[in-house]
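Please read the structure below before turning to the comments.
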Amino acid sequence: VIEYSSRVMEIVVEMRLGAAVRLLRLSLGLLLLLLPTLCSSPVFPTHPSFLPQTFRARGPDGEKQHFYIRQVPGDGACLFHAVAVCLRHKESLGCHPDFDAEMEKLSRRLRKISVSYLSRDNCTLVMEGDERTTTTSLLQTVAEHYNMTPERYCGQMRLTHTWGGGPEIVAISNFLRRPIHVYELESTTSSGLGYLSGRRCFQLKVTACFGAPYFNDKSPLYLLCADGRFPHIDPGDEREIGDHFLALLPCGDSSLRRR
């Protein structure tokens with residue numbers, strides 16, 4: 001199983017690609033349990049896999065955003081599960097599907113798509129902003145970091161419970177021709193009234209907008225890369241590098257009902 005760690009930053013320096021800094025730091029891991037964590041106004045979507053509140057966020061241009069967070073299984077494939085949830089949400093037409101056999105099938109397909117796309121020979125990859133690289137260059141760099149061949153890396157990534165991360169996000173974004181915005185946890189101080197005022201809480205901040213603005217003709221998918229212990233940790237205690245992906249759904253979307 002391929003594990004992503006802080007050592008990935010060394011690759012980034014060599015590649016000299018700012019977007020790669022954020023994509024290669026992303027990793028997958030532990031299963032989250034559902035409990036509320038401080039922040040923003042409490043909202044309770046009817047689907048049971050949502051955390052029972054909204055979370056404030058700082059967007060790409062510093063704009064204020066609010067998201068619901070939906071949990072996905074932490075079985076080593078949570079990146080692909082989270083993307084599957086976001087895609088099904090786009091297609092749900094007013095309902096939010098359960099994580100059922102069809103959702104699992106889509107998640108497995110996304111894994112295969114990411115590996116197949118990265119395996120293409122010298123295909124241009126849109127990273128973030130004006131940054132570009134090629135599939136061959138990215139795959140070779142990642143494989144060398146883990147002291148394996150590109151073929152072995154792809155073989156490992158095809159396994160059901162191998163953790164996916166930044167390279168796979170970039171591949172999926174380019175395949176879908178859709179931006180994927182990645183957020184992380186940020187500890188902050190509540191500005192609420194009364195007893196909530198001044199209390200530490202979590203909000204979200206965007207760390208990467210892969211595929212933007214090149215694919216901005218389509219609405220983005222939103223992911224949260226968080227400490228696998230979240231929300232069972234106090235603000236300020238979170239790990240710098242996340243190890244679990246969750247789906248983010250913008251507040252205001254009508255499709256939060258259970259189908």
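Bear in mind the structure is a predicted one, so any value in this text is a computation, not a measurement.
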Look up atom CD1 in I169 and atom CE in M127, then write down how far apart they are to the nearest 0.5 Å.
-> 11.0 Å

Please confirm whether the backbone N or O of G228 pairs with a side-chain atom of D243, one donor and one acceptor, at under 3.5 Å?
-> yes

Which atom names give the shortest non-hydrogen contact between C209 and P60, and what distance separates them?
-> SG-CG, 3.6 Å

Would F215 and F210 show up in the same hydrophobic cluster when neighbours are defined by side-chain heavy atoms closer than 4.5 Å?
-> no

Would a 4.5 Å heavy-atom cut-off, applied to side chains only, mark V206 and Y222 as touching?
-> no

Closest non-hydrogen atoms of L118 and A171, given as atom of the first, atom of the second and distance, are CG-CB, 3.9 Å

Looking only at atom types and distance, does a side-chain atom of S137 sit under 3.5 Å from a main-chain N or O of T133, one as donor and one as acceptor?
-> no

Tell me, with the steps shown, if I69 and L248 meet side chain to side chain contact (heavy atoms under 4.5 Å, CB included).
-> CA-CA 5 Å; I69 299 178; L248 294 178; 3.5 Å; yes

Would you kindly confirm whether I172 and L159 end up in one hydrophobic cluster when ILVMFWY residues are joined by side chain heavy atoms under 4.5 Å apart?
-> no

Is a side-chain donor or acceptor of S116 paired with a backbone partner of K112 at a separation under 3.5 angstrom?
-> yes

Judged by atom type as modelled, is there a donor-acceptor pair below 3.5 Å linking the side chain of S107 to the main-chain atoms of M103?
-> no

To the nearest 0.5 Å, atom NE2 of H244 lies from atom SG of C78 at 5.0 Å

Output for pair (R56 CZ, T54 OG1), nearest 0.5 Å, gives 8.5 Å

Begin with the C-alpha distance, continue with both residues' side-chain angles, and end with the deciding distance and a verdict on side chain to side chain contact (heavy atoms under 4.5 Å, CB included) for E102 and L106.
-> CA-CA 6 Å; E102 287 301 313; L106 176 57; over 6 Å; no

Distance-only side-chain donor-acceptor flag, S219 / R178, under 3.5 Å | yes

Determine, stepwise, if the pair L246 / V85 fulfils side chain to side chain contact (heavy atoms under 4.5 Å, CB included).
-> CA-CA 9 Å; L246 304 94; V85 164; over 6 Å; no

Between Q140 and H145, a side-chain donor and acceptor under 3.5 Å = no

Evaluate whether atom NZ of K218 has more than 12 neighbouring non-hydrogen atoms of other residues, nucleotides or ligands under 6.0 angstrom away.
-> yes

Would you say T189 and C201 make side-chain contact, with heavy atoms under 4.5 Å?
-> no

Smallest heavy-atom separation, L223 atom then C86 atom, equals CD2-SG, 4.2 Å

Above 12 or not: heavy atoms from other molecules or residues under 6.0 Å from CG of N147?
-> no

Side chains of D100 and R88: does their closest heavy-atom pair fall under 4.5 Å?
-> yes

Within-4.5 Å side-chain heavy-atom neighbours: R111 and E168 = no

Going by heavy atoms in the side chains, are H181 and L221 under 4.5 Å from each other?
-> no

Please confirm whether R132 makes a cation-pi placement over Y214, using NZ or CZ under 6.0 Å from the six-membered ring centre and within 45° of the ring normal.
-> yes

Using atom types as modelled and distance alone, determine if a side-chain donor or acceptor of S187 lies under 3.5 Å from a backbone N or O of G236.
-> yes

Does a side-chain heavy-atom distance below 4.5 Å link F67 with L204?
-> yes

Can you tell me how far CD of E104 sits from CG of D75, rounded to the nearest 0.5 angstrom?
-> 6.5 Å

Do H81 and F99 have ring centroids that are under 6.0 Å from one another?
-> yes

When rounded to the nearest 0.5 Å, the distance separating SG of C123 from CG of L138 is 11.5 Å

Is it true that the side chains of Y183 and Q65 contain a donor and an acceptor less than 3.5 Å apart?
-> yes

Taking every heavy atom of A84 against every heavy atom of L110, the minimum-distance pair comes out as N-CD1, 3.6 Å

Which is it for E63 and R58 under the salt bridge (Lys or Arg N to Asp or Glu O under 4.0 Å) test, yes or no, and what are the steps along the way?
-> CA-CA 6 Å; E63 71 275 20; R58 292 189 291 124; over 6 Å; no

Compare all side-chain heavy atoms of S114 with those of F80 and state whether any distance is below 4.5 angstrom.
-> yes

Any side-chain heavy-atom pair of P167 and L139 under 4.5 Å = no

In Å and rounded to the nearest 0.5 Å, what is the CG to OG1 distance from D121 to T134?
-> 8.5 Å

Considering all heavy atoms, the nearest G129-P213 contact | CA-CD, 3.8 Å

Give a yes or no answer on whether the side chain of D227 reaches the backbone of R239 with a donor-acceptor pair at less than 3.5 Å.
-> yes

Side-chain donor or acceptor of N174 paired with backbone N/O of V126 under 3.5 Å = yes

Just wondering, are more than 12 heavy atoms of other shown residues or ligands nearer than 6.0 Å to CG in D130?
-> no

Between R120 and T135, do the side chains contain an N or O donor and an N or O acceptor separated by less than 3.5 Å?
-> no

Ring center gap for F202 and F55 short of 6.0 angstrom = no

